Amino acid sequence: MVTFRVNDIFYSLQGEGRNTGRAAVFVRFAGCNLRCPFCDTEFDSFQTMTDADIIEAVTTFPARFVVLTGGEPTLQVDEPLVDLLHRHGFEVAMESNGTRPAPSNLDWLTVSPKTGALKGDTLKENGKKLPDEVKIVFEEHTDPEELFARLFPSPSPAPLKYLQPCDTGDEARNKRIVADCVDYITQHPEWRLSLQTHKLIDIK
């Protein structure tokens with residue numbers, strides 16, 4: 001029997017990227033292969049769940065849009081689990097750091113690359129799913145185009161490109177980061193602004 005380490009399952013609104021504002025069931029998987037200093041997620045604790053347990057939990061909510069997140073969900077999520085969610089009427093999205101190939105049968109893939117973590121054509125291995133959107137956490141010295149070029153070293157379908165100001169916990173620094181991010185986007189209009197709206201309206 002296949003089991004998964006699940007940190008949390010909860011119902012809220014998607015707060016970031018193209019699907020901002022959509023009601024969604026979030027399945028947060030435990031474990032990550034990175035330890036980013038700005039990460040605000042507690043993903044080390046978990047309960048062990050089967051695929052049937054996950055389906056039982058997510059179907060208690062009215063929305064049929066599920067977001068597989070983490071931690072890093074590609075460490076655990078496979079195509080059979082995505083297929084099972086599809087069979088129960090779910091549109092399936094994933095949020096990944098882009099260091100590992102994602103299941104090919106996802107409906108939507110958000111990749112948030114981190115400096116130094118990418119591995120060239122990793123996302124193209126074995127015909128796996130390419131990102132529908134790239135969301136880069138923006139800090140003072142972030143070079144979005146350099147990160148994007150490492151994610152897509154050769155021509156490929158162009159995903160949506162988002163910059164998300166980093167929440168450092170320092171109000172003055174956050175204000176500078178937002179200003180720099182807005183300035184960058186006005187000079188590079190192919191990028192879009194993504195705000196963590198769930199934090200702005202104080203929901204999970």
Side-chain angles (χ1 to χ4, degrees), residues 7-8 10 12-29 32-43 65-74 93-100 102 106-118 122-123 129-152 156-204:
N7 171 268
D8 195 12
F10 62 96
S12 187
L13 302 185
Q14 173 60 278
E16 306 170 359
R18 176 63 177 79
N19 287 304
T20 293
R22 290 189 67 181
V25 185
F26 292 83
V27 182
R28 187 179 302 284
F29 291 87
C32 186
N33 56 338
L34 301 179
R35 284 293 186 270
C36 300
F38 51 76
C39 184
D40 59 2
T41 302
E42 169 52 57
F43 47 72
F65 177 53
V66 65
V67 178
L68 309 178
T69 184
E72 175 48 45
T74 60
M94 176 181 282
E95 298 179 346
S96 170
N97 60 31
T99 59
R100 297 169 48 85
L106 292 166
D107 298 299
W108 189 266
L109 175 60
T110 300
V111 165
S112 182
K114 309 302 187 294
T115 302
L118 299 180
T122 295
L123 295 176
K129 172 76 171 173
L130 288 173
D132 297 287
E133 66 180 0
V134 170
K135 183 182 64 183
I136 291 177
V137 177
F138 188 91
E139 298 182 82
E140 292 92 337
H141 304 296
T142 301
D143 185 344
E145 289 298 337
E146 189 271 339
L147 281 174
F148 189 82
R150 289 172 61 192
L151 190 62
F152 292 100
S156 58
L160 298 175
K161 298 163 74 173
Y162 285 93
L163 295 183
Q164 184 166 290
C166 183
D167 181 4
T168 66
D170 180 322
E171 184 176 351
R173 185 183 173 199
N174 284 357
K175 188 174 182 178
R176 291 194 300 271
I177 289 172
V178 169
D180 288 348
C181 186
V182 170
D183 183 60
Y184 187 93
I185 293 170
T186 57
Q187 296 181 54
H188 303 82
E190 68 275 18
W191 291 90
R192 307 179 185 193
L193 181 67
S194 174
L195 298 177
Q196 294 179 294
T197 59
H198 53 294
K199 290 185 176 181
L200 296 175
I201 62 176
D202 195 24
I203 62 173
K204 187 170 183 179

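Residues take their numbers from the sequence shown, with the count starting at 1. Computed from a prediction, not measured in an experiment: that's the story for all the values here.
- In this structure, the side chain of Glu72 engages the main chain of Thr74 through a donor-acceptor pair within 3.5 Å.
- How far CD of Glu190 is from CG of Leu160: 12.5 Å, rounded to the nearest 0.5 Å.
- Separation of atoms CG (Leu13) and CZ (Arg22) is listed at 11.5 Å; rounding is to 0.5 Å.
- Counting heavy atoms from C-beta outward, Asp8 and Phe26 have side chains that stay 4.5 Å or more apart.
- Applying the salt bridge (Lys or Arg N to Asp or Glu O under 4.0 Å) test to Glu145 and every residue at least two apart in sequence or in another chain returns Lys161.
- Between the side chain of Ser96 and the backbone N or O of Gly98 there is at least one donor-acceptor pair closer than 3.5 Å.
- In this structure a side-chain-to-backbone donor-acceptor pair under 3.5 Å is missing from Gln14 to Ala24.
- By the side chain to side chain donor-acceptor pair (under 3.5 Å) test, Glu171 is found to be paired with no residue, residues two or more places apart in sequence or in another chain being considered.
- When the ring-ring contact (aromatic ring centres under 6.0 Å, His included) test is applied to Phe65, no partner is found at least two apart in sequence or on another chain.
- The distance from atom NZ of Lys199 to atom CG of Asp167, rounded to the nearest 0.5 Å, is 4.0 Å.
- Contact between Val134 and Pro113 at its shortest, heavy atoms only, is CG1-CD, 3.9 Å.
- Glu16 has a carboxylate O that lies under 4.0 Å from a charged side-chain N of Lys135, or vice versa, which qualifies the two as a salt bridge.
- Minimum interatomic distance between Ile203 and Ser12 (heavy atoms only, all atoms of both residues): CD1-OG, 3.6 Å.
- A pairwise comparison of heavy atoms in Ser194 and Gly17 identifies OG-N, 3.1 Å as the closest pair.
- Counted within 6.0 Å of CZ on Arg18, heavy atoms from surrounding residues, nucleotides or ligands total 12 or fewer; the atom is thus considered open.
- Applying the side chain to side chain contact (heavy atoms under 4.5 Å, CB included) criterion to Asp132, with sequence neighbours excluded, gives Trp108, Leu109, Lys129.
- Here Ile185 pairs with Leu163, Cys181, Trp191, Leu193 under the side chain to side chain contact (heavy atoms under 4.5 Å, CB included) rule; sequence neighbours left out.
- Qualifying salt bridge (Lys or Arg N to Asp or Glu O under 4.0 Å) partners for Asp180, counting only residues two or more places apart in sequence or in other chains: none.
- Contact detail for Ser112 and Val137: the closest heavy-atom pair is OG-CG2, 3.9 Å.
- Listed by chain and residue number, Glu139, Glu140, Thr168, Asp170, Arg176, Ile177 satisfy the side chain to side chain contact (heavy atoms under 4.5 Å, CB included) test with Arg173 (two or more places apart in sequence, or in another chain).
- Applying the salt bridge (Lys or Arg N to Asp or Glu O under 4.0 Å) rule to Glu133 yields no partners; only residues at least two apart in sequence or on another chain are considered.
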Apply side chain to side chain contact (heavy atoms under 4.5 Å, CB included) to the pair Thr142 and Cys166, showing each step before the final yes or no.
-> CA-CA 10 Å; Thr142 301; Cys166 183; over 6 Å; no
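- Looking at heavy atoms from C-beta onward, Val111 lies out of side-chain contact with Pro159 at the 4.5 angstrom threshold.
- Evaluation of the side chain to side chain contact (heavy atoms under 4.5 Å, CB included) rule for Ala179 yields no partner, not counting sequence neighbours.
- With rounding to the nearest 0.5 Å, the separation of OH in Tyr162 from CD1 in Ile136 is 13.5 Å.
- With hydrogens and angles ignored, the 3.5 Å screen pairs no side-chain donor or acceptor of Thr110 with any backbone N or O of Glu95.
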